[in-house]
> 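Just passing along the structure, written as structure tokens.
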Amino acid sequence: MNNHVLLRLAIAALALLLPVAAFAGGAQEQTAEEEPIVTFFANSKYYSDNTTITRNQAFEAQTGIKVEMQLVPGEDIEFYDKTDIAIMGGDTTDCIRLTNPINIARYVDAGFLMQLDGILAEIGYDAEAVYGKFLKRYDGRLLYLPYEQSIHSVYFNEAIFDSAGVAYPKSPWTWEDYVATAKKLVDKPNGVYGSYFVNWPYYYYMLARQRDISAYTEDGYSNYDHPAFKESLKFMNDLGSVHKVQPTYLEYQAKKMQWDTWAATGKYGMICIGSWFTGLLTDPVTYPRDWDWGIVETPAAGPNGKNNLMAGGVWSILKNAKHPKNAARYIAWVSENSYKYAGGIPARVNLTPQEVQDLLGGIAEKSSGSVTVQELNAALLANTLGVVDEKISGPRVREYSDIIEQEGQLYLSGEQSLEDTIRVIKERADKVLAENKT
Amino acid sequence: MSGMKARGTRLSLKEERTALLFIAPFILGFLVLNFLPLFYSLFLSLVNFNELGAMRTNEFIGLKNYVRIFGDRLALAAYVRSFYFTVIYAGGIIVLSLFLALLLNRSLFLRVPCRTMIYMPYVANVIAVSMVWAIVLNPFEGPVNALLKLFGVPEECLPMWLLGVKSALPTVAAIKIWRNLAFQTIVFLAALQEVPEELYECAEIDGAGWWKKFYRITLPMISPTMFFLVVVTIIGSFNSLALVKGLTGGGPGSATRIITLFVYEQALRYSYYSYANALACLLFLFILIITLLQWKAQKLWVHY
Amino acid sequence: MGSLLSCSKTSRLLIKTVLSLAVFVIGLMMITPFVFMISASFKYPGQVFVEPLKIIPDKPFLGNFQRVLRDDMYFSWYWNSIRVVLIAIPLRGFFVTIAAYAFARLRFRGKNIIFLIFMSTMMITPEVTIIPRYLLYKSLHIIDTQWALILPATFDVFFLFMLRQFFMTIPIELSEAARIDGYGHFTIYYRIILPLAKPALITMVLFTFIWLWNDYVNPFVFINTMKKQLVTVGLQFFQAREGANYALQMAGATFAVIPTIFMFTFTQRYFVQGITSSGIKG
């Protein structure tokens, strides 16, 4: 019997040792010299995109540093599920591209991002000169470089305007003008709507953002009872339910409409969305269309709301990076030059007029004559509006956004009144923010 | 069983040794791969690992995470929703699959193709399933509501299926039943094969009708398997993450935010890892109690 | 269910017809998403939702399948999935059945307690233990290998439970008789119990196959290199890459579903009445 007892003890001991090994396993090797490699996490779409491959090749040609992508299959949330776990487990990938302000905030708070000032100085790069006002500092620390600014504009389907006999929208204009125009475009029998908004929660507070009203009060609680938020939520609802210029929320959900439905079906007059959307409109292979599109700047939300929504993607170096210097060179280069390959508008303050011309000219060309450089310039760069973040930012922002989304959904599907929705959002958000303070 | 006792202690020791040999590899593999994470989960629920990246700075805070659960209205609601879901789902599927297994056990025309058709939902891609049901249950234009309208149901009474706050959860349960029917049915079918023909023949000679045969022969003979299915179905009903995410994402509002989805969000969306583990451990406790009760109740209805 | 001696031949036929019809209708209802899936794989990407109930598209589009088949990664994913399944099934088959036999037939101290402890592990939400498991497997150096999927699957409690129940329904007289004849436990296990539990074993094989084949979360987290990935995750990569190209995804999914259909059809014959005799008379 002794053998059995010993055997059992051995098994138990082995089992208990493993957690210790698990913690110890995270030790990292330090290399004195960096190999000429740089790695970064890429999601499926990015990984297989032709522009990514071309861009990486250009970088390699210019610097001699090889680019290796660490593929993470999955979009948005799943992408971060994987990277969260990997980074916590001590993964040594160098860089990461963060596209959503909420994810940027998460990684900043988690301390995953490397301080850039030191390493950029080491390679002799002056970020201020290139990105100026687009740089965001956290307690004076620079944690990422912005590679694009995505500005909202209104894109419109010229064919629908033509057949309704309505003049193309002109800036500057307001949301009342937008609704009035949309009403004229509606053609129920043919399934044509005047407007389309993707069901993204940040539109629920769009008007408030345009007036630059913060979602947080001075002492860090929820500011959602400010009338601007109520007005904004009501506006989204009314577009479908009252003015009937676009599908209602329930219809949208029932038919599982998507973010690219506007470009794919051509049955909606206008859409207000970020400038990355031009990517779809210049891709005739995936989104074939037989209609021309136009662009005009975003409507203002009243006299105090003359601001445009902006978001932007960033590149940063992860704290466990194996090749920090190469990583710095990479993110500096890619943040400056990304737009040349993937389109979009760079977040740079030092572009020459010629470079601007080239940038917009490229889009105009690929749109097969739908828009001209002047129109693009007027809508995207030289517009009459100021600029605000498209999403709220502050403590516990992910939960706050989820609360807004969940309660907003209840209101939009007719299950909860507007007043109750606002009240519940504030209550829930206050509770979360109160916890945050302890 | 008295014959066994007479053999003496030496043989029972040998039996123990054999038993140990038989289960040792399983225990080892199981301990290392599947059991350790549980302990870690318990450990995590007792510390303050509630932020992304804070892993090396755990401070022991005892039962604070658990206390927090009881103050969290949303978490409690999620538990209640899950229990409600389990009752509908487990009850529905056991009854339906037994019925289906009995049906399929007979000789029928086209039996093999029918069986194969019934198993299909089980292997269909979760995305395909979500899309199809979204279309079929479209409250405005879908075929189901169109059919109901034809039968004279007035417009306001048409159910909103997946989009209605009250109807979403039962609808998801029904879809899960439809999807998983294959598994329970096949297991019941396998169990039904084990029932010896002779027992039925003897019963018929004694003049028993179909209900008596079912109640006196079939049910007792398959009761061990049924016990298995009841236990695992209840446990499995809490794990509907992929399906719920695909069909409703937890909505509308939080109508279908069952506890596993809630836990997932707490852990991977908000990075409240310790809180999520506490929620999971509490859920584990509930399920354990339910299972223990069932285990004890075996004596009442399970025949070995 | 035995013969209904008291009913007339015509009423028996009537019952059979009605029941067959009922089952057929049920079958049709069950098969709908499947039909949708196949139909969508032949459509143009934008067309999938436009007229979803149109099963046969006006202009069938083979491009989706071409893309799937021409993809060099798809083949490696497929092969990886097959490999995982082919290794896991025999491993699980051996370790689980032998342990189930011990729990069902042998007596030893602490049997019930150990079994309950095993069962308790089924009650924790897998998503929550994902991080502990990742760290554990990392220290065992099985991350980014298929062993991270095969090994946990081998020591699975679910089928231990199921097989124990099945083994317990096999009449104890059989094993008693063999013991009296002087056979050891392993022989009894191998020669008597296993053959009699064929339907249960086949069930285990079938569902192990399906669950491993359709598993998404575990390969996603534990395998990093795309080339080593399994079909489920690979498909996701496919879909994410193409944006919301549901048609392409359906084509990939249709392809991936073929082995599971094959398994179902192939194992059907084991669920027919009379395959196993009770063995008491013999």
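Chain identifiers are assigned alphabetically (A, B, ...) following the order of the sequence lines, protein sequences preceding nucleic acid strands; residue numbering begins at 1 within each chain. Side chains are part of it too, since the values below use all heavy atoms of this structure and drop only hydrogens, waters and symmetry mates. Quick caveat: nothing in here was measured; it's all calculated off a predicted structure.
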> What part of C:Phe118 gets closer than 4.5 Å to chain B, counting heavy atoms only: side chain, backbone, both or neither?
both
> Mind listing the closest non-hydrogen atom pair of B:Met117 and C:Gly27 along with its distance?
CB-O, 3.7 Å
> Can you tell me which portion of B:Ala191 sits under 4.5 Å from chain C's heavy atoms? Options are side chain, backbone, both or neither.
both
> Of all heavy-atom pairs between C:Phe207 and B:Ala182, which one has the smallest distance, and what is that distance?
CZ-O, 4.4 Å
> At what distance, to the nearest 0.5 angstrom, does CZ of C:Phe95 lie from CD1 of B:Ile27?
13.0 Å
> Go through C:Thr154, C:Ile142, C:Leu116 and name the one with the most non-hydrogen pairs under 4.5 angstrom from chain B.
C:Leu116
> Less than 4.5 Å to any heavy atom of chain C: does that hold for the side chain of B:Leu181, its backbone, both, or neither?
side chain
> Would you mind checking which part of C:Thr254 comes under 4.5 Å of any heavy atom in chain B, side chain (CB onward), backbone (N, CA, C, O), both or neither?
neither
> Answer with side chain, backbone, both or neither: which region of C:Ile210 has an atom nearer than 4.5 Å to a non-hydrogen atom of chain B?
side chain
> Return the minimal non-hydrogen interatomic distance between C:Phe158 and B:Phe228, and the atom names on each side.
O-CE1, 3.6 Å
> Can you measure from CD1 (C:Ile202) to CD (B:Gln193) and round to the nearest 0.5 angstrom?
12.0 Å
> Rounded to the nearest 0.5 Å, how far does CD1 of C:Ile114 lie from CD1 of B:Ile23?
5.0 Å
> Identify which part of B:Phe238 has an atom lying under 4.5 Å from any heavy atom of chain C, answering side chain, backbone, both or neither.
neither
> Provide the closest heavy-atom pair for B:Trp295 versus C:Asn112 in the form atom of the first, atom of the second, distance.
CZ2-OD1, 3.9 Å
> Given that the side chain runs from C-beta out, which part of C:Leu21 has a heavy atom under 4.5 Å from chain B: side chain, backbone, both or neither?
neither
> Return the OG1 to CG distance between C:Thr121 and B:Leu36, rounded to the nearest 0.5 Å.
12.0 Å
> State yes or no: are the ring centers of B:Phe26 and C:Phe94 separated by less than 6.0 Å?
no
> Look at C:Phe108, C:Tyr101, C:Trp213 and state which one has the largest set of heavy-atom pairs under 4.5 Å with chain B.
C:Phe108
> Search all heavy atoms of B:Leu288 against all heavy atoms of C:Ser120 and return the closest pair with its distance.
CD1-CB, 4.0 Å
> So with a 6.0 Å cut-off around CD1 of B:Ile289, is the heavy-atom count from everything else above 12?
yes
> How long is the span from the CE atom in C:Met119 to the CG atom in B:Leu292, to the nearest 0.5 Å?
8.0 Å
> Is it true that, when you exclude B:Phe286 itself, more than 12 heavy atoms of the residues, nucleotides or ligands shown sit nearer than 6.0 Å to its CZ?
yes
> Need one label for B:Leu279: side chain, backbone, both or neither, based on atoms under 4.5 Å from any heavy atom in chain C.
neither
> Under a 3.5 Å distance rule, please check whether C:Gln165 uses its side chain to pair with a backbone N or O of B:Pro224 as donor and acceptor.
yes
> Is any side-chain heavy atom of C:Val157 closer than 4.5 Å to one of B:Phe30?
yes
> For the residue pair C:Pro152 and B:Leu33, what are the closest heavy atoms and their distance?
N-CD1, 3.9 Å
> So which of B:Leu199, B:Ile217, B:Leu283, B:Val231 has the largest heavy-atom pair count under 4.5 angstrom toward chain C?
B:Val231
> Between B:Phe39 and chain C, which part of the residue has a heavy atom less than 4.5 Å away: side chain, backbone, both or neither?
neither
> What distance separates C:Arg105 CZ from B:Phe22 CZ, expressed to the nearest 0.5 Å?
13.0 Å
> For residues B:Phe35 and C:Phe155, establish whether the separation of their ring centroids is below 6.0 Å.
no
> Given that the side chain runs from C-beta out, which part of C:Phe103 has a heavy atom under 4.5 Å from chain B: side chain, backbone, both or neither?
side chain
> Below 4.5 Å from any heavy atom of chain B, which atoms of C:Phe166 appear? Answer side chain, backbone, both or neither.
side chain
